[in-house]
Amino acid sequence: MSALPQNPSRRTMLKGLGMAALAAGPLSACAFGSSDSGTPSTTAPAGPVSAENPFGVKADAPLEVVIFKGGLGDAYATDVHEPMYKKAFPQATIKHVPTQQIAQTQQPRFAGGDLPDVIANSGSDLMDAGALQSENQLLDLSQLFDAPALGGSGKVRDTLMPGTIEAGLIAGKPFQMKYIYTAYGLWYDSALFAKNNWTPATTFEEFDALLGKIKAAGLQPFAYAGKNASYYMYWMIAITAAKIAGNQVLIDMDNLKDGVWTSDPVRQSAEKWAAIGKKYLDPSFEGLTHTEVQTSQNQGHVGFYPSGSWLENEQKEQTPATFQYALTATPSVSSSDKLPFGALRAAAGEAYIVPSKAKNTAGGLEYLRMMLSKDGARGFTEKTGNITVVKGAADGLPLSPGNKSTNDALNKAGSNIITYNLFEDWYKEFETELRSKTNALMFGRINAEQFCKDVQAKADAVRNDSSVTKQNRTS
Amino acid sequence: MPRGGARFVIGFLALPVILYLVFVIGPYFQAFYLAFTDWKGFSKPPQWVGFKNFEDLFHNDAFKAAVGHHLLLLLSLPAVTLVIALFFAFLLNMGAGTRGVKGSRFYQAVFFFPQVLAVAVIGVLFQAVYRPDKGGVLNGILDIFGIAPVGWLTQPGLALWALIAVLIWQQVGFYVVLFAAGMSSIPKEVIEAAELDGCTRMGMFFRVTLPLLWDTVQVAWVYLGILAFDGFAIVSTLSVDQGGPDGSTTVLPLEIWRTFRFSKYGVASAMGVALFVLSLLFAVLTLRVTRRERIEYA
């Protein structure tokens with residue numbers, strides 16, 4: 001499973017919620033042993049506070065930046081953000097630390113007290129942000145989001161895509177800055193579609209007709225990987241339910257609200273998708289993996305594949321030059337849907353943190369503010385090809401087909417953003433059952449009504465299980 | 001014992017015994033203890049909950065399904081593996097009277113092959129064999145005859161059998177070699193005498209070979225039975241959704257692993273204790289039931 005791409009926010013969350021607590025728990029005594037010895041952030045050097053320098057960065061204070069040098073590289077830091085900082089504070093020396101082992105190299109420093117000022121907490125060896133926060137090691141970034149936006153108008157929080165700040169919450173406060181924006185929907189090859197005169201559908205009726213045409217052309221019109229990525233499919237069911245009745249449905253799902261799975265929107269969504277499954281989903285897909293289905297799509301055998309915007313990057317090596325990744329939102333159920341067709345699921349990921357006991361916390365905050373400026377975000381997109389949480393920062397940039405399509409879809413969605421399912425991180429036991437039932441529904445072993453009943457029963461069981469810690473979200 | 005002998009022996013044994021106590025026996029006791037607590041794997045200390053975890057197991061569908069699958073495995077895996085292994089071993093050793101069939105050494109090596117493959121490799125291999133579309137090895141062959149692809153691992157009624165077949169394939173080689181070794185230690189005179197008395201191949205097998213091999217078969221049965229309580233690696237790499245479809249292939253080690261991931265260490269430990277008891281019960285029963293008089297070759 002770990003080989004599968006997942007939303008970074010989700011990965012962090014999962015770690016935050018305790019996977020790493022397994023190791024961190026017994027070790028915390030030594031790993032975070034001296035955590036109480038320092039007093040948070042009062043030791044940071046302070047310069048004069050002004051509109052240009054809202055955090056009071058001391059002009060000659062050195063700044064240390066730790067960058068996860070993985071798929072994104074570290075040129076975005078060395079060529080974009082660090083020069084921006086150097087330009088603003090020419091006297092400051094910047095220490096750039098690229099690493100692939102964030103936890104291995106940085107976690108011991110929290111015990112020692114010699115801390116960097118910014119950390120890209122990413123990769124498979126990331127630190128347990130939840131555990132760090134519980135030891136008061138992270139700086140509350142509220143002041144960052146309330147500071148004036150660099151090179152723009154208003155506050156930083158106004159320049160960000162919806163849900164960005166929420167994605168970095170730990171115990172109700174923004175301790176992480178999530179930087180990359182991921183969109184979810186149906187992926188297809190726009191070149192293939194153009195050649196065949198197919199246009200992505202806006203309603204389920206059109207979708208049905210289109211899949212019929214694709215099938216007639218000898219392709220598998222719709223596919224998902226039942227073997228190890230059935231959650232891609234329940235994402236679609238959840239998204240459609242949210243389109244019918246608004247994002248509140250997803251919030252209710254996460255809060256294990258009584259009867260949400262048996263409610264009309266969810267049942268309707270399950271019915272619509274089950275009908276697609278029955279008509280167009282080949283039974284063999286239940287036994288195939290994400291990689292196998294992806295490859296099949298790259299070879300031109302699959303029409304639509306539900307997934308997230310990492311797909312193009314992940315498949316870069318295998319994708320033929322003629323293949324043009326494109327994203328379309330899931331079809332609408334009826335004209336009385338609460339959300340328009342363009343409404344898109346999107347979420348922010350890739351966490352950046354400022355240690356609360358860093359020597360130059362003001363500099364760390366300023367560095368993050370520069371990342372969140374339009375120029376900083378554009379530079380990041382130019383260097384990495386990924387779209388950031390900064391609104392409109394990627395507009396007009398030469399993007400890859402998939403990223404361009406994602407950017408267009410996000411612009412079209414505007415504020416109609418459907419949020420992520422947090423129950424995936426919060427209630428793994430429930431999520432496991434949902435995966436299994438999703439396969440049963442889509443491959444025709446149970447009907448929509450049974451699906452809703454079974455899933456609700458599991459939600460009830462988890463809600464009533466006193467040994468499971470309950471979480472809550474309001475937005 | 002010579003002077004200083006005891007000290008010598010203790011000196012040599014102390015370290016391994018301590019390691020064994022700390023890393024094997026210790027965790028056993030820990031698991032038994034945790035099974036009676038509500039521990040979640042975090043820093044919060046475990047609370048004693050008595051038999052609650054065990055009572056909960058009776059309402060746990062996945063657990064019950066897994067136990068059922070183990071019973072099925074227990075009935076099929078040792079029996080089928082032993083029959084095939086004995087058959088091959090007999091052919092290899094006595095296929096031609098006192099000698100094996102032509103090229104028996106070669107076959108013996110080939111049969112042993114699956115045993116040296118890492119489980120992960122077997123997983124990947126059978127993923128290709130069982131692939132549910134025409135790209136699969138089996139379905140590709142069926143396709144030649146115009147038969148539609150079979151969902152070996154996607155049909156709830158078929159999936160577990162497909163996995164049992166992999167386990168059998170994986171195990172047969174080892175037991176062929178084991179039985180072949182056992183058969184080669186049967187004195188030639190006994191076999192020649194039986195042949196002179198006009199014993200058929202079939203008769204030879206059931207009246208001479210099998211009785212003289214009984215000890216080995218018994219051990220093999222226990223080994224395979226214990227293996228029937230595992231299956232974790234094969235199930236988790238090959239099955240749909242790890243234990244699916246619809247939980248039709250799940251096994252106890254997989255459920256234990258899953259329950260750990262749900263951060264329910266107490267319940268998972270209770271499952272572990274249940275698995276321990278089941279395995280032990282099986283081993284004791286088998287040794288009891290299969291007890292026979294030993295035959296000693298003077």
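Atom set for the values below is all heavy atoms of this structure, side chains included, hydrogens, waters and symmetry mates excluded. Below, chains carry the letters A, B, ... as their sequence lines are ordered, and counting in each starts from 1.
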Check whether more than 12 heavy atoms from other residues, nucleotides or ligands sit under 6.0 Å from atom [atom1] of [X], and answer yes or no.
{"X": "B/Tyr223", "atom1": "OH", "answer": "no"}
{"X": "A/Glu449", "atom1": "CD", "answer": "no"}
{"X": "A/Lys278", "atom1": "NZ", "answer": "no"}

Quick one: which of B/Asn139, B/Val240, B/Thr259, B/Val267 has the most heavy-atom pairs under 4.5 Å with chain A, could you say?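 Between B/Asn139, B/Val240, B/Thr259, B/Val267, the count favours B/Val240.
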
Tell me the closest heavy-atom pair linking A/Ser436 and B/Asp241, and the distance in Å.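 Of all heavy-atom pairs spanning A/Ser436 and B/Asp241, the closest is N-OD2, 3.4 Å.
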
Taking only heavy atoms into account, what residues of residues 119-137 of chain B are found under 4.5 Å from chain A?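 Under the 4.5 Å heavy-atom cut-off, B/Gln127, B/Arg131, B/Pro132, B/Asp133 qualify.
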
Residues of residues 151-162 of chain B within contact distance of chain A, non-hydrogen under 4.5 Å: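 The list, in residue order, reads B/Thr154, B/Pro156.
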
Checking B/Pro149 against chain A: side chain, backbone, both or neither under 4.5 Å from a heavy atom?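 For B/Pro149, there is no contact with chain A at all, as no heavy atom is under 4.5 Å.
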
Structural part of A/Ser230 lying under 4.5 Å from a heavy atom of chain B: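 Side chain of A/Ser230 only, per the 4.5 Å heavy-atom cut-off to chain B.
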
Tell me, for A/Asp465 versus chain B, whether the close heavy atoms (under 4.5 Å) come from the side chain, the backbone, both or neither.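 Just its side chain gets close to chain B.
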
Selection from A/Ser284, A/Gly287, A/Ala440 maximising heavy-atom pairs under 4.5 Å formed with chain B: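 The residue among A/Ser284, A/Gly287, A/Ala440 with the greatest pair count is A/Ser284.
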
To the nearest 0.5 Å, how far apart are NZ in A/Lys227 and CG in B/Leu238?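 Here the rounded value is 5.5 Å.
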
In the structure I gave you, are the side-chain heavy atoms of A/Asn439 and B/Pro245 within less than 4.5 Å of one another anywhere?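 In short, these two side chains do not touch, never coming nearer than 4.5 Å.
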
